[in-house]
Amino acid sequence: MGCCSARRMLILLCCFQLITAVERQVFDFLSYQWAPIMINFFHIIVVILGLFGAIQYRPHYVLMYLLWTLLWLGWNVFVSCLYLDVGGLSKDSNILSLGVSSHRSWWKDNGPGCESEGDPSAGWQNQQNPQLTTVISCWLEYQYIEVLHCVVQLLISLLGFVYACYVISALSDDEDSCK
């Protein structure tokens with residue numbers, strides 16, 4: 001595989017990563033998950049810089065993308081462990097909302113096939129402390145949807161890491177054939 005085809009693949013992966021990051025950002029906003037919102041924001045910025053580095057033959061930007069990808073992989077593993085209640089972490093904790101909001105994941109009430117208990121017009125049970133009605137059943141529980149988001153991000157990031165390593169090594173060799 002030549003440098004040009006590796007660059008094209010890295011550009012394609014960065015574009016796909018941007019699309020999935022923006023989609024994830026929207027659902028984090030709906031869930032009032034403030035920590036992921038901030039980290040996703042930085043992720044989007046770094047992926048744009050990595051994309052710019054791949055397009056403009058800037059190995060320093062690609063290197064920054066590569067280093068961020070390692071942090072991003074760790075973040076997604078942490079979020080997956082949190083939603084799967086692994087290692088003393090709990091999906092019911094306020095870690096992701098930074099303790100600011102008691103709202104829960106948007107997917108918990110609006111996932112695929114979720115049916116709310118009771119009358120839809122009676123969505124608020126108590127006016128003093130409004131809480132949405134409980135969800136009876138879903139085709140796929142919300143924590144598994146969140147984990148699927150993480151798995152997609154992990155796979156894309158892992159591929160991005162591999163291609164970024166190759167592009168950096170090819171660009172640092174000062175090959176004029178790549179430019």
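Between atom CD1 of residue Ile45 and atom CH2 of residue Trp68 there is a gap of 9.5 Å, rounded to the nearest 0.5 Å. With values rounded to the nearest 0.5 angstrom, Tyr163 atom OH is found 11.5 Å from Leu158 atom CG.
Residues Gln153 and His43 are in side-chain contact: their nearest non-hydrogen atoms beyond the backbone lie under 4.5 Å apart. A heavy-atom distance below 4.5 Å is found between the side chains of Asn76 and Trp72. Annotation: side chain of Val62 is not in contact with side chain of Tyr57 (no heavy-atom distance under 4.5 Å). Cys81 is listed as a side-chain neighbour of Val77, based on a closest heavy-atom distance under 4.5 Å. Between Phe78 and Cys150, the closest side-chain pair of non-hydrogen atoms is not below 4.5 Å. Side-chain contact check for Tyr144 versus Leu148: every heavy-atom pair is 4.5 Å or farther apart. With contacts defined as side-chain heavy-atom distances shorter than 4.5 Å, the pair Met9/Leu12 qualifies.
A continuous path of hydrophobic side-chain contacts links Leu51 to Leu70 [ILVMFWY only; heavy atoms under 4.5 Å]. In terms of hydrophobic clustering, with Ile, Leu, Val, Met, Phe, Trp and Tyr side chains grouped at heavy-atom distances under 4.5 Å, Leu10 and Val162 are assigned to different clusters. The hydrophobic clustering, which links ILVMFWY residues whose side-chain heavy atoms are closer than 4.5 Å, places Val22 and Val47 together.
The backbone N or O of Tyr166 sits less than 3.5 Å from a side-chain atom of Ser169, completing a donor-acceptor pair. Judged by distance alone, the side chain of Glu146 and the main-chain N or O of Ser80 form no donor-acceptor pair under 3.5 Å.
Partners of Phe29 by ring pair (Phe, Tyr, Trp, His ring centres under 6.0 Å), not counting sequence neighbours: none found.
Between Leu66 and Cys165, the shortest heavy-atom contact is CD1-SG, 3.2 Å. Closest approach of Gln25 to Ile37, counting heavy atoms only: NE2-O, 3.2 Å. Of all heavy-atom pairs between Tyr65 and Gly160, the closest is OH-CA, 3.6 Å. Here the shortest heavy-atom pairing between Gln17 and Ser157 reads NE2-OG, 2.9 Å.
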